[in-house]
Amino acid sequence: MKTWALSLIAVLVAGTCAYAEDNLADQLKRALDKAKVKLNEAADKAGEKGREWYRQAKENLKLSRPEYLKRAEKELAESEAQIAVLKEMSNAPGQREYFKTRVTALEQHAAFAKTEYASLQGAESEPVFRARQSIFNKTVWTLEAAIEQAQEEAGL
């Protein structure tokens with residue numbers, strides 16, 4: 001009788017262990033699948049953004065100097081407005097210091113973009129203007145990406 005009971009307990013324990021291993025394996029597989037989906041979504045989003053920036057760069061090169069400067073000034077004004085909203089949010093009670101630091105960095109980034117815009121306006125020749133335009137575009141695009149990231153963090 002004792003042997004039979006011990007055998008029954010051993011079978012139950014083995015079955016439980018096998019079920020736990022299968023359950024753990026299933027959980028790990030689901031977590032891996034979920035991570036793959038998130039990674040693919042992030043890659044798609046980054047790819048779309050990269051294609052958008054490339055399209056904008058090609059379009060910007062086709063614009064005349066006055067048209068481009070007008071568009072660039074408008075983009076800078078929009079970025080500053082978005083940063084102002086984020087700054088108001090960062091001053092709310094209970095806001096994390098990290099977010100305040102992020103907003104300060106955005107303000108510095110925008111100030112740097114303004115400096116580049118001023119050098120763009122002062123370009124004497126067309127080749128110099130187009131070279132500075134390329135650098136300015138990258139600065140504005142990275143500023144836009146940083147603003148988007150801060151807005152996501154803020155829940156906007």
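Scope of the values below: all heavy atoms of this structure, side chains included, with no hydrogens, waters or symmetry mates.
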With rounding to the nearest 0.5 Å, note down the distance linking [atom1] in [X] to [atom2] in [Y].
X: S119; Y: I135; atom1: OG; atom2: CD1; result: 8.0 Å
X: E75; Y: Y68; atom1: CD; atom2: OH; result: 7.0 Å
X: N137; Y: E144; atom1: CG; atom2: CD; result: 9.5 Å
X: E116; Y: L143; atom1: CD; atom2: CG; result: 10.5 Å

Nearest heavy-atom approach of Q121 to R65 is O-NH2, 4.2 Å
Exercise: identify the closest heavy-atom pair between Q82 and I147
OE1-CG2, 3.4 Å
Describe, in one word, how the ring planes of Y117 and F136 are oriented to each other, choosing from parallel (under 30°), tilted (30 to 60°) and perpendicular (over 60°).
tilted
Once salt bridge (charged side-chain N to carboxylate O under 4.0 Å, His left out) is applied, do any residues pair with R102, and if so which ones, sequence neighbours excluded?
E153
For residues 83-90, which side-chain N or O atoms pair as donor and acceptor with protein atoms under 3.5 Å away, sequence neighbours left out?
from, atom 1, to, atom 2, distance (Å)
K87, NZ, E107, OE2, 3.1
S90, OG, K87, O, 2.8

Quick check: do E73 and L69 have side-chain heavy atoms less than 4.5 Å from each other?
no
Hey, is the main chain of R130 close enough, under 3.5 Å, to the side chain of S134 for a donor-acceptor pair?
no
If we ignore hydrogens and angles and just use 3.5 Å, is the side chain of H109 paired with the main-chain N or O of T139 as donor and acceptor?
yes
Can you tell me if NZ on K100 sees more than 12 non-hydrogen neighbours from other groups inside 6.0 Å?
yes
Salt bridge flag under 4.0 Å for residues R71 and E67
no
